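Structure record follows, encoded as structure tokens.
What you see is a predicted model, and the numbers here were worked out from it, not measured in a lab.
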Amino acid sequence: QGQLEESGGGSVQPGGSLRLSCLASADAYRSYCMGWFRQGPGKELEPVAQIGGDGYAYYASAVKGRFTISKDNAKKLLLLQMDSLEPEDTATYYCAADSTLIDCSLVDGYVFGFDIRGQGTQVTVSS
């Protein structure tokens, strides 16, 4: 199925930025749909951003305009640039891939598929 490993989490003040990286194995990177999910304290897992093999990106309403998902094909990296961070963005962020989906569109709050997941990286936004 493949493996995914996240990095880049940390603590930042409100308004700050972080860049998350996800190193994918060759098998995982072949997945057409890849994405980032998060789970905040006491909350359910939710999608943050998803991207298809065509490069088209989808975002959750809460992060649209602040976060950018992208891929580095040469390095097999999935990236998430997070700007204008808010305390509500505090969560464990997971990189994920799905080798069967061809429609990578995102529905707020709804997790479907993406059975290949990393261990997660913690992001804390606090003053």
Within the side chain of [X], is there an N or O that forms a donor-acceptor pair under 3.5 Å with the backbone of [Y]?
X	Y	value
Glu6	Cys22	no
Tyr58	Gly52	no
Thr124	Ser11	no
Thr121	Ser7	no

Gap between atom [atom2] of [Y] and atom [atom1] of [X] - 0.5 Å precision:
X	Y	atom1	atom2	result
Lys76	Arg30	NZ	CZ	8.5 Å
Leu106	Phe37	CG	CZ	7.0 Å
Cys95	Gln119	SG	CD	11.5 Å
Gln50	Cys33	CD	SG	7.0 Å

Is there a path of hydrophobic side-chain contacts, each under 4.5 Å between heavy atoms of I, L, V, M, F, W or Y residues, that connects [X] with [Y]?
X	Y	value
Leu78	Tyr94	no
Leu79	Val12	no
Phe114	Val107	yes
Ile69	Phe67	yes

Identify the heavy atoms of [X] and [Y] that sit nearest to each other, and give their distance.
X	Y	answer
Asp54	Tyr56	OD1-N, 3.0 Å
Asp103	Ser105	OD1-OG, 2.8 Å
Asp108	Ala60	OD1-CA, 3.3 Å
Ser127	Pro14	N-CD, 3.7 Å
Ser17	Ser84	OG-N, 4.4 Å
Arg117	Val111	NH2-CG1, 3.5 Å

Side-chain heavy-atom pair [X], [Y] within 4.5 angstrom cut-off:
X	Y	answer
Asp27	Gln3	no
Leu4	Leu23	no
Met82	Leu20	yes
Asp98	Ser31	no
Cys104	Ile51	no
Val63	Arg38	yes
Leu101	Tyr32	no
Arg66	Tyr59	no

> With a cut-off of 6.0 Å (strictly less than), are more than 12 heavy atoms of other residues, nucleotides or ligands near CD of Glu86?
Replying inline: yes
> Are Gln13 and Leu85 close enough, and set up right, to give a side chain to side chain contact (heavy atoms under 4.5 Å, CB included), and what steps lead you there?
Replying inline: CA-CA 8 Å; Gln13 292 187 339; Leu85 282 161; over 6 Å; no
